[in-house]
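To start, the structure under review is shown below, and the notes come after it.
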Amino acid sequence: MPMTSPMPAHNPQTLPQIVVGAGLNGLMVADHLRTNGPVIVLEAADRCGGLLGSFDFGTHGRFDHGTHIFAETGEAALDAYLQGLLPSEQWVQLRGHRRNFAGLVFNGHVQHHTLYPDLTSLPTDQYQACLDGLPVNDLGSESAPNALEYLERRYGSEIAKSVGVPIVEGFAKAPAADLSPLVTRLCPLDRLALFDGPTTMQKLGDPEISRRMAFVDQRELPESEQSPLASFYPRTRGIGQAVEALEQRLVDAGVDIRTGVRIENLDPTDFGVELTMQDGTVLAAAHVYWTANPLTMAGPAGVAVDYSMMDRPLTAVLCHLVLDEAPGLGDVHYLQVADAEYSTYRYTNYDAFCPEGHQTGVPITVELLVDEPGDPTALLEVALTEMAAIGITDGAPAVQFSAVNVLPYGFPRPTLANMAAISKVRNALADAVGDTVTMLGIGSRDDLFFMTDVLLASFVHVTQHQSATVGR
Ligand SMILES: Cc1cc2nc3c(=O)[nH]c(=O)nc-3n(C[C@H](O)[C@H](O)[C@H](O)COP(=O)(O)OP(=O)(O)OC[C@H]3O[C@@H](n4cnc5c(N)ncnc54)[C@H](O)[C@@H]3O)c2cc1C
């Protein structure tokens with residue numbers, strides 16, 4: 001039965017701070033807040049970790065939510081904090097050209113040499129037309145209002161039309177003119193392999209070209225072009241181990257972590273915030289840090305969301321496999337799929353970055369992006385059939401183990417309609433909850449999606465602006 005009696009008066013000094021969402025972001029926020037007093041973490045799922053959690057399949061080992069490898073942010077304190085989640089000997093450090101070592105299925109080719117579309121694989125006439133249309137300078141792609149204009153300003157209309165638009169539209173299932181330029185970071189199209197090796201070396205001296213040009217073979221990336229930042233991943237498979245270690249640290253420190261909760265109401269009060277759970281429990285908090293998608297705060301805060309104005313998320317499916325034999329992923333950490341005819345978005349090749357990943361067989365995760373959830377057996381069949389069609393296996397692979405997970409929240413589509421709707425909801429939330437709630441994480445700002453950006457924004461907030469208010 002819900003409690004109906006008014007809450008007694010509270011002293012904000014002694015009230016807990018509440019963190020909503022126990023992904024890595026929420027747990028990291030809680031870890032920083034706990035030095036100031038009591039903290040409660042509220043998580044909707046039945047366990048912590050969010051997208052940085054791993055699935056533990058016993059003797060088959062752990063599998064991640066697709067490719068999730070930590071990357072240093074350049075903020076030394078945050079990088080040290082993340083590396084401190086596990087003892088140093090439990091991390092593998094990936095440096096130099098192996099920092100982000102990835103391939104792409106583009107134009108019917110499995111590229112092990114670069115993650116970016118390699119235009120030199122196009123038919124000669126088309127390739128020449130692309131180069132002829134390449135503007136000497138980037139014509140302001142950074143301020144482009146949509147993905148189509150981003151591609152045209154950065155690469156000219158021929159490359160936009162014949163390379164970029166089919167990729168972004170195949171990925172997001174919406175016209176390029178209706179997509180945010182953010183989609184070009186997801187695909188990714190912020191660079192292109194424009195030239196063969198020797199020409200690429202010559203063009204390095206031309207800053208206008210080189211900032212749009214990918215090195216055609218990542219293995220030959222000169223040291224001068226390599227990032228000083230590293231990536232890191234647990235030595236034994238499963239990024240979730242880092243989150244589990246953090247969860248244990250919080251439990252040991254007395255942080256109250258509650259999983260499987262549903263927040264029904266969020267009401268600003270004189271002393272802070274009152275949260276009412278589905279089971280009627282009422283929690284009083286001095287302040288709330290909402291690290292889940294802001295859309296999930298709308299209902300509890302009484303803010304209406306017009307979902308008819310939004311584009312539905314794509315269904316994200318994880319097919320975890322242990323294969324008898326290594327598929328043709330080479331030594332890349334992951335292989336992304338740009339060709340629009342496939343539902344496969346990405347292959348995670350654990351053996352390439354995690355040396356002690358398994359005992360027998362070859363573990364991979366195949367991520368599919370589909371319109372409808374469908375039956376897991378049929379989804380697995382799609383994953384296996386496409387491996388053969390793409391050419392990384394010779395026919396259907398021999399499978400020792402398989403498991404399929406359909407992600408509850410899907411993959412947010414980076415459409416302009418969604419960006420506008422979320423921005424409107426953020427503003428309405430700011431009016432509804434004032435400075436009693438701080439939004440952090442994906443959706444709290446238009447530019448936050450990638451793990452590194454999300455963690456950096458939250459880290460800066462909790463270390464520098466703990467008393468800041470909900471942003472508009
Ligand atoms: C399919 C997919 C692939 C991705 N691939 C990459 C990638 O390759 N590289 C990269 O950098 N980033 C990637 N990302 C983004 C990356 O996963 C996020 O940046 C990162 O997980 C953010 O961490 P978080 O803790 O903020 O969010 P999450 O990990 O999403 O955690 C949020 C938590 O909040 C909980 N929650 C949700 N609603 C509520 C509620 N109402 N009440 C209480 N709890 C709630 C959820 O259950 C979850 O545990 C990907 C995202 C998706 C969806």
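Ligands are counted one by one from 1 in listed order, and the atoms in each one are counted from 1 as well.
When each of Tyr233, Phe70, Phe353 is checked for a ring-ring contact (aromatic ring centres under 6.0 Å, His included) with Trp91, only Phe70 meets the rule.
Atom 22 (C) of ligand 1 has its closest protein heavy atom at Val454 CG1, 4.1 Å. In this structure, the protein non-hydrogen atom closest to atom 1 (C) of ligand 1 is Phe411 CD1, 3.3 Å. Residue, atom and distance of the protein heavy atom nearest to atom 15 (C) of ligand 1 are Phe449 O, 3.3 Å. Of all protein heavy atoms, the one closest to atom 39 (C) of ligand 1 is Ala292 CB, 3.6 Å. Atom 21 (O) of ligand 1 has Leu52 CD2, 3.2 Å as its closest protein atom, hydrogens excluded (heavy atom only). The protein atom (non-hydrogen) at minimum distance from atom 49 (O) of ligand 1 is Glu43 OE1, 2.7 Å. Scanning the protein heavy atoms around atom 44 (N) of ligand 1, the nearest turns out to be Ala44 N, 3.1 Å. Scanning the protein heavy atoms around atom 37 (C) of ligand 1, the nearest turns out to be Tyr409 OH, 3.2 Å.
Atoms of ligand 1 lying under 4.0 Å from any heavy atom of Asn25, numbered from 1 in the order shown and given with element: 24 (P), 25 (O), 26 (O). Distances below 4.0 Å separate heavy atoms of Thr67 from the following atoms of ligand 1: 7 (C), 8 (O). Listed by number with element, the atoms of ligand 1 under 4.0 angstrom from any heavy atom of Leu42 are 43 (C), 44 (N). With ligand atoms numbered from 1 in the order given, ligand 1 contributes 38 (N), 41 (N) to contacts under 4.0 Å with heavy atoms of Thr296. Listed by number with element, the atoms of ligand 1 under 4.0 Å from a non-hydrogen atom of Ile442 are 18 (C), 19 (O). Remark: ligand 1 atoms within the under-4.0 Å shell around heavy atoms of Gly50 are 29 (O), 31 (O), 48 (C), 49 (O). Listed by atom number, the atoms of ligand 1 under 4.0 Å from Leu24 heavy atoms are 25 (O). Heavy-atom contacts of Gly23 reach the following atoms of ligand 1: 25 (O), 31 (O), 33 (C), 49 (O) (cutoff under 4.0 Å).
Scanning Met28, Met451, Arg258 for the heavy atom closest to atom 10 (C) of ligand 1 points to Met451. Counting only non-hydrogen atoms, the option in Met297, Arg47, His65, His68 that gets closest to atom 13 (C) of ligand 1 is His68.
Atom CD of residue Gln111 and atom CG of residue Leu104 lie 5.0 Å apart, to the nearest 0.5 angstrom.
Contacts classified as salt bridge (Lys or Arg N to Asp or Glu O under 4.0 Å) and involving residues 16-35 (residues at least two apart or in different chains) are given here: Asp31-Arg34, Asp31-Arg249. Screening residues 446-458 for salt bridge (Lys or Arg N to Asp or Glu O under 4.0 Å), with sequence neighbours left out, gives Arg185-Asp453, Arg426-Asp446, Arg445-Asp447.
Ring-plane geometry between His320 and Phe63 is classed as tilted, the angle between the planes lying from 30 to 60 degrees on a 0 to 90 degree scale. Taking the six-membered ring for Trp and thresholds of 30 and 60 degrees, Phe411 and Phe449 have ring planes inclined between 30 and 60 degrees apart. Using a 30° and 60° split on the angle between ring planes, Tyr81 and Phe459 fall in the tilted class, from 30° to 60°. A tilted orientation is assigned to the rings of Phe171 and Tyr345, their planes being inclined by 30° to 60°.
At a distance under 4.0 Å, no protein heavy atom can be found next to atom 27 (O) of ligand 1.
Shown here is Glu142, whose CD atom has no more than 12 heavy atoms of other residues, nucleotides or ligands within 6.0 Å.
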Self-check item: Criterion side chain to side chain contact (heavy atoms under 4.5 Å, CB included) on Leu384 and Leu321, from CA distance to verdict
Solution: CA-CA 10 Å; Leu384 297 176; Leu321 303 171; 3.9 Å; yes
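In this structure, His65 and Leu318 have side chains that are in contact, with non-hydrogen atoms separated by less than 4.5 Å.
The residues Glu372 and Arg312 are annotated as salt-bridged, a charged nitrogen and a carboxylate oxygen being separated by less than 4.0 angstrom.
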